[in-house]
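Values below: all heavy atoms of this structure, side chains included; hydrogens, waters and symmetry mates excluded.
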Amino acid sequence: MKKENVSDIIGHIDDKYVNEAAEYAVSLEHKNAGRRTASPERSAKKFRLIRFAIPAVCAAVLIGIGAAVTAVAVENRAYSEAAAFFEENGLSTEGLSRSDVKNVYRDITTKSFTFGKTAEVLRRAVPGLEIEQDEPSPEELAALWGRNVFMNSQPQPMKMITKTRNGVNYNVDHRYVYDEKRGFEVLDKSILECYRDEKLFWSAEFKDFYIDNFAVFKEGTVIWGGNEIYSTVDDIKYGWIAFADNAGNVKWQRRLDHGFEWEYIVSVLSNGDGTLAVIGVGDFKYLCLSCYDVGGNETGFRKTDAGDHLVVGNTARLGDGYIIQLLNHTAGGTAERLCKMDREGVVTDNFSYEADDCDYSITDMAEFEGKIYLSAYAVPKQYDEGGRHEIANILDYADSNYSPSYAFSEGLTQAVRDNYTAILLICDPEGGAPKTFRSVKGSLGGKLAAREDGILEWDVESVYAAYYSPATSSFSIGGSCKVFRYTFGADGSLIGQKDTGEYVPYRR
């Protein structure tokens, strides 16, 4: 297994070396942003330059600041010195004239940072960006708490699921009837409804299975789930998949049966040619790929032993294959890795990410313009035998400062914000190594969506309120996060951000 040490990739340049360069880069970015004619939704937030921890880049700054430029009489000698400096320290001369190269060299070595192209040279060598986001004010916290943070933080009945994207809503409802033989209610039918402009556009009913999830493609909607289990004896869990066209007509539905006692579907991906890749788990051990054609016929199946206690997380298309997040839950915690799978279901590679000072959790992934984008969040390493490794430090703080009752304070909210950093990793699709990244402090990485117009959307969940609830069985720290949506162009550049006005619950 390949391990990419993210702490060796993501880091900060020491302010005493490049503070002037960073300030200049921010100033230049604000000037450029001011020239844009896009709507406020697409206006970029301020950010500061940070880097990959590449020794050559460190050397570029360390060597440059301590050097003094000596006047030379011959232009060739001046250019040769500047070009050698670029080459030795990993700086690119792409798009620069001979005069530009000399000016950038002089700008760095004299700590002037006044030449217009210096910031771009440094930005290319140091491509990571930390996106700065305003923290919630005390007034916002108070208003949020008084209005809806408590309701947003409580577990809600699992009756209806709503997914909203581009103004279209999809609601899932499950209807139950009383079974006299069993003496309790059983599933009667599952219903998927599609709304446009708050009006019902179509609905589809399924009597054979409980809807777990669905995915909308240009060809139509794929719905999947499984039969309900009402006892622990002699019950077999089957996966089910169905397809409805864009008018809501159910064209076909199939039950998966590959010889497992327990089989469930995790996700369904479109191959782009009308066929579907169904990724699932068999008997909590086997990673499964089933392939279906446009008529719902299974054209292939393969299972791979991926280890006991297997859980499959996020999935995405990757070229002509797939990238899949694998989680193995054991008594010692959760091991997380990514695997690459080809179109036939053969696992071709495995890799994971680790750091010495923090842990990373991947929340979503997408292929965009030939690269892998991973939405994640980082938390400081916390050594806790109780299994609450993500919030152990927060619980220590809460136990020391609050009585065992519902307690909300700005101090606790800040402690939770300090614990999280949202990360967007932009990775090489071949080896999986991060090439650059974006980060937002006080937040968790959320959903990714690649739009048809060539724009990538990244939702970031900024912690806005938190409270301590040690008596609650399902969580100890509850709260609410405000959703900000960042947009990126085809080259991975940040082109805008939007406060969506939406809130999502935080529970740990």
Should [X] and [Y] count as an ion pair when the cut-off is N to O under 4.0 Å?
| X | Y | answer |
| --- | --- | --- |
| Arg508 | Glu390 | yes |
| Asp453 | Arg451 | yes |
| Arg485 | Asp459 | yes |

* Asked: Counting only N and O atoms by type, is there a donor-acceptor contact under 3.5 Å from the side chain of Thr500 to the main-chain atoms of Val483?
  -> yes
* To do: Please check if atom CG in Asp273 has more than 12 non-hydrogen atoms from other residues, nucleotides or ligands closer than 6.0 Å.
  => yes
* For Glu369, look at atom CD and say whether over 12 heavy atoms of other residues, nucleotides or ligands are found less than 6.0 Å away. => yes
Going by heavy atoms in the side chains, are [X] and [Y] under 4.5 Å from each other?
| X | Y | value |
| --- | --- | --- |
| Glu261 | Asp283 | yes |
| Lys381 | Asp359 | yes |
| Thr487 | Leu456 | no |
| Ile477 | Arg507 | no |

Atom [atom1] of [X] and atom [atom2] of [Y]: how far apart are they, to the nearest 0.5 Å?
| X | Y | atom1 | atom2 | value |
| --- | --- | --- | --- | --- |
| Phe488 | Leu448 | CZ | CG | 9.0 Å |
| Ser375 | Met365 | OG | CE | 10.0 Å |
| Arg175 | Asp188 | CZ | CG | 9.0 Å |
| Leu269 | Leu318 | CG | CG | 11.0 Å |

* To do: Return each pair, listed once, that meets side chain to side chain donor-acceptor pair (under 3.5 Å) where at least one residue sits in residues 313-326; pairs must be two or more places apart or across chains.
  => Ser267-Thr315, Asn271-Tyr322, Asn314-Gln325, Asp320-Arg343, Gln325-Glu336
For [X], check salt bridge (charged side-chain N to carboxylate O under 4.0 Å, His left out) against everything at least two apart and list the hits.
| X | answer |
| --- | --- |
| Asp491 | none |
| Asp257 | Arg255 |
| Asp499 | Lys482 |

* To do: Indicate whether any N or O donor in one side chain lies under 3.5 Å from an N or O acceptor in the other, for Ser462 and Arg417.
  =>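 Yes, a side-chain donor-acceptor pair sits under 3.5 Å.
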Kindly state whether the ring of [X] and the ring of [Y] have centres lying under 6.0 angstrom apart.
| X | Y | result |
| --- | --- | --- |
| Tyr210 | Tyr176 | no |
| Phe301 | His258 | yes |
| Phe214 | Trp224 | no |

* Check whether NZ of the Lys or CZ of the Arg Arg196 lies under 6.0 Å from the centre of the six-membered ring of Phe201 and within 45 degrees of that ring's axis. => yes
* Asked: Any cation-pi pair here, Lys303 with Tyr286, using under 6.0 Å and within 45°?
  -> yes
* Measure up the Phe484 and Tyr464 rings against each other and bin them: parallel (under 30°), tilted (30 to 60°), perpendicular (over 60°). =>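 Tilted: the ring planes of Phe484 and Tyr464 meet at 30° to 60°.
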* Parallel, tilted or perpendicular: which fits the ring planes of Tyr292 and Trp252, with parallel below 30° and perpendicular above 60°? -> parallel
* Only counting residues at least two apart or in another chain, list the ones meeting side chain to side chain donor-acceptor pair (under 3.5 Å) with Glu205. =>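 Result, side chain to side chain donor-acceptor pair (under 3.5 Å) vs Glu205: Lys189.
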* With sequence neighbours excluded, residues passing ring-ring contact (aromatic ring centres under 6.0 Å, His included) with Phe368 ->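 In terms of ring-ring contact (aromatic ring centres under 6.0 Å, His included), with neighbours along the sequence ignored, Phe368 is linked to Tyr373.
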